[in-house]
Asker: 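The structure's right below; bear with me while I get my questions together.
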Amino acid sequence: MEYFEPKSIGDALSLLSKHGAEAKVIAGGTDVMVDIKFKEEPGALVNIKKIPSLAGITERGGSLRIGALTTIRDIETSALVREKLPVLWDACRQFASLQVRNTATIGGNICRASPSGESLTPLLVLEANAILAFSDGERSEPFKTFFQGPGKSAAGAKGLLTEVDIPIPPAGSKGVYLKHAVRGAMDIAMVGVAVMLTPDAGKNNAQDVRIGLGAVGPTPLRAPKTEALLKGKALTAALIKEAGALAATEASPITDQRSSAENRRWIVEALTRRGLEQTWKAATGKEVA
Ligand SMILES: Cc1cc2nc3c(=O)[nH]c(=O)nc-3n(C[C@H](O)[C@H](O)[C@H](O)COP(=O)(O)OP(=O)(O)OC[C@H]3O[C@@H](n4cnc5c(N)ncnc54)[C@H](O)[C@@H]3O)c2cc1C
């Protein structure tokens with residue numbers, strides 16, 4: 001196996017072009033090193049950790065830009081993320097152990113494209129964009145089209161994710177991420193649900209509701225029928241119950257070693273209900289009637 005440490009995005013892209021499907025990018029290595037140990041070694045390992053421009057969190061024109069090399073711990077401890085993007089902050093604080101969060105990067109979590117990846121449903125409901133660099137130029141790809149299947153993304157073998165562009169939600173919008181796993185944060189999510197709710201000006205109705213479902217399909221999913229059911233309405237216990245049941249039908253889980261498909265649907269229903277109750281209360285100051 002050949003090993004490279006490019007110092008610029010251009011050098012990294014040249015290496016990816018030259019080595020094609022043989023090449024593997026490594027950032028924090030928490031997924032790649034496990035693959036090398038238990039699956040296979042790539043022909044060329046391209047370590048991007050020495051490219052300084054790829055890390056950091058900045059606010060720019062109504063968006064937060066998070067560099068691909070920013071660690072999950074940096075996001076978890078960012079006051080800016082906690083204030084402006086609570087749904088992403090909530091997911092990062094429930095991510096693995098402190099040791100893993102200190103090393104794992106958001107770019108690695110995204111490019112791994114695992115349906116259970118903790119940051120993915122928050123990015124979907126935030127309607128964020130992946131900024132991708134290729135040898136022939138840069139492009140912005142919405143996360144709704146970025147994920148193409150387990151382990152497959154629009155970055156492909158020759159692209160580099162450089163940063164994530166996240167529009168800051170309207171003031172008053174609230175978000176939560178709820179994870180169900182056998183060993184809590186130490187385990188990969190059996191189901192993850194991200195909910196964002198923006199109230200109307202009078203805090204009487206949900207002006208916008210976005211729901212992201214993780215680990216219940218080949219990619220992280222939105223629940224568009226459930227969102228449509230809730231938009232423009234005051235959330236009542238009966239409506240939330242109906243929404244939970246509808247969200248379960250929008251999931252397409254599989255049975256695997258972590259859970260049966262049927263159990264995953266029940267968890268989607270329960271977490272969606274809980275997420276709606278919590279965001280409604282936080283956004284309007286009212287209990288669910
Ligand atoms: C003990 C343990 C617990 C874990 N718990 C969780 C958990 O609770 N939740 C969770 O979501 N994940 C978890 N993971 C998985 C892993 O930590 C995350 O997916 C992590 O975010 C990967 O980031 P990394 O920087 O380590 O990526 P790496 O391992 O370096 O790379 C991951 C993938 O992304 C590609 N890649 C990385 N950066 C880029 C880039 N900028 N451009 C293009 N491709 C890139 C790599 O080629 C590789 O395919 C766990 C892993 C371990 C070992």
Side-chain angles (χ1 to χ4, degrees), residues 85-91 94 115-128 142-144 147 166-167 169-181 189-255 258-289:
L85 310 173
V87 66
L88 180 63
W89 173 80
D90 208 10
Q94 296 176 64
S116 62
E118 233 72 76
S119 69
L120 313 191
T121 48
L123 293 170
L124 271 187
V125 298
L126 287 161
E127 300 191 340
F143 280 108
K144 67 175 183 223
F147 302 109
I166 312 174
S173 164
K174 301 290 174 191
V176 293
Y177 174 79
L178 299 165
K179 171 177 181 173
H180 184 82
M190 190 188 287
V191 176
V193 173
V195 178
M196 251 182 62
L197 186 147
T198 308
D200 63 8
K203 298 191 174 178
N204 295 317
N205 296 303
Q207 183 177 295
D208 191 18
V209 183
R210 301 180 194 168
I211 299 168
L213 308 177
V216 289
T219 63
L221 309 166
R222 285 279 290 269
K225 291 181 192 156
T226 312
E227 293 174 3
L229 171 75
L230 297 164
K231 267 182 210 168
K233 295 183 187 149
L235 300 204
T236 61
L239 185 58
I240 288 177
K241 190 170 178 208
E242 189 184 349
L246 186 57
T249 68
E250 295 200 79
S252 50
I254 54 165
T255 295
R258 284 202 176 82
S259 171
S260 68
E262 190 189 15
N263 188 43
R264 279 196 163 99
R265 282 195 202 276
W266 287 334
I267 299 167
V268 167
E269 182 169 349
L271 295 188
T272 302
R273 286 167 62 168
R274 198 178 304 160
L276 289 169
E277 279 162 12
Q278 288 182 7
T279 51
W280 171 258
K281 194 172 168 192
T284 64
K286 295 175 185 161
E287 294 294 336
V288 170

Asker: Under the salt bridge (charged side-chain N to carboxylate O under 4.0 Å, His left out) rule, collect the residues that match up with Arg210, sequence neighbours excluded.
Answerer: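 With neighbours one apart ignored, the set is Glu127, Asp208.
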Asker: Is a donor on one side and an acceptor on the other found under 3.5 Å between the side chain of Arg264 and the backbone of Val191?
Answerer: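 Flag not set: sc Arg264 to bb Val191 has no pair under 3.5 Å.
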Asker: Look up atom CD1 in Ile254 and atom OG in Ser259, then write down how far apart they are to the nearest 0.5 Å.
Answerer: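 OG of Ser259 is found 10.0 Å from CD1 of Ile254.
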Asker: Once you round to the nearest 0.5 Å, how far does CG of Leu197 lie from CG of Leu235?
Answerer: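 Spacing of CG (Leu197) from CG (Leu235) equals 5.5 Å.
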Asker: Which atom pairs, donor and acceptor, lie under 3.5 Å between side-chain atoms of residues 240-247 and protein residues at least two apart or in another chain?
Answerer:
none

Asker: Let me confirm one number: the CG-CG distance from Leu239 to Leu229, rounded to the nearest 0.5 Å.
Answerer: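 If I round to the nearest 0.5 Å, the distance is 5.0 Å.
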Asker: Can you tell me if Lys179 uses its side chain to pair, donor with acceptor, with the backbone of Gln94 under 3.5 Å?
Answerer: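 Checking the backbone N and O of Gln94 against the side chain of Lys179, a donor-acceptor pair under 3.5 Å is found.
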Asker: Would you find a donor on one side and an acceptor on the other, under 3.5 Å apart, between the side chain of Thr255 and the backbone of Ala261?
Answerer: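 Yes: the side chain of Thr255 pairs with the backbone of Ala261.
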Asker: Kindly indicate whether the side chain of Ile267, heavy atoms from C-beta on, has any atom under 4.5 Å from the side chain of Val216.
Answerer: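 No; the side chains remain at least 4.5 Å from each other.
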Asker: Give the minimum heavy-atom separation between Pro220 and Leu120, together with the two atoms involved.
Answerer: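 Heavy-atom minimum between the residues: CG-CB, 3.7 Å.
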Asker: Closest approach of Ile211 and Val125, non-hydrogen atoms and distance?
Answerer: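 For Ile211 versus Val125, the nearest heavy atoms are C-CG1, 3.6 Å.
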Asker: Please report the closest heavy-atom contact between Pro218 and Pro115, naming both atoms and the distance.
Answerer: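 Taking every non-hydrogen atom into account, O-CG, 3.4 Å.
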Asker: If I take atom CG from residue Leu123 and atom NZ from residue Lys144, how far apart are they, to the nearest 0.5 angstrom?
Answerer: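 Reported value, rounded in 0.5 Å steps: 14.5 Å.
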Asker: Please say whether more than 12 non-hydrogen atoms of neighbouring residues, nucleotides or ligands are located less than 6.0 Å from NZ in Lys225.
Answerer: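 Open.
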Asker: With sequence neighbours left out, what residues match Glu227 under side-chain hydrogen bond (donor to acceptor under 3.5 Å, both in side chains)?
Answerer: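 Expected list: Arg222.
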Asker: Enter the distance from Thr198:OG1 to Lys174:NZ here, rounded to the nearest 0.5 Å.
Answerer: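 NZ of Lys174 is found 10.5 Å from OG1 of Thr198.
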Asker: Can you name the residues that form a ring-ring contact (aromatic ring centres under 6.0 Å, His included) with Phe147, not counting sequence neighbours?
Answerer: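 Phe143.
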Asker: Which side chain to side chain donor-acceptor pair (under 3.5 Å) pairs, counting each pair once, include a residue from residues 277-287, with sequence neighbours left out?
Answerer: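 Matches after skipping sequence neighbours: Asn204-Lys286, Lys281-Glu287.
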Asker: So do Leu213 and Thr272 actually touch side chain to side chain, heavy atoms under 4.5 Å?
Answerer: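 Side-chain contact under 4.5 Å: yes.
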Asker: Counting distance only, does the side-chain N/O of Asp90 pair as donor-acceptor with the main-chain N or O of Tyr177 below 3.5 Å?
Answerer: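 Side chain of Asp90 to backbone of Tyr177, a donor-acceptor pair under 3.5 Å: yes, one is there.
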Asker: For the residue pair Ala251 and Val268, what are the closest heavy atoms and their distance?
Answerer: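 Looks like CB-CG2, 4.2 Å.
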Asker: Looking only at heavy atoms, what is the nearest atom pair of Ala248 and Glu269, with distance?
Answerer: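 Between these two residues, the closest heavy atoms are CB-CB, 4.2 Å.
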Asker: With sequence neighbours excluded, what pairs up with Thr121 under the side-chain hydrogen bond (donor to acceptor under 3.5 Å, both in side chains) test?
Answerer: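 With sequence neighbours excluded, Thr121 shows a side-chain hydrogen bond (donor to acceptor under 3.5 Å, both in side chains) to no residue whatsoever.
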Asker: Evaluate the criterion side chain to side chain contact (heavy atoms under 4.5 Å, CB included) for residue pair Leu126 and Leu124; output intermediate values, then yes/no.
Answerer: CA-CA 5 Å; Leu126 287 161; Leu124 271 187; over 6 Å; no
Asker: Ignoring hydrogens, what is the shortest heavy-atom contact between Leu88 and Ser119? Give both atom names and the distance.
Answerer: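 So the minimum-distance heavy-atom pair works out to CD1-CB, 4.1 Å.
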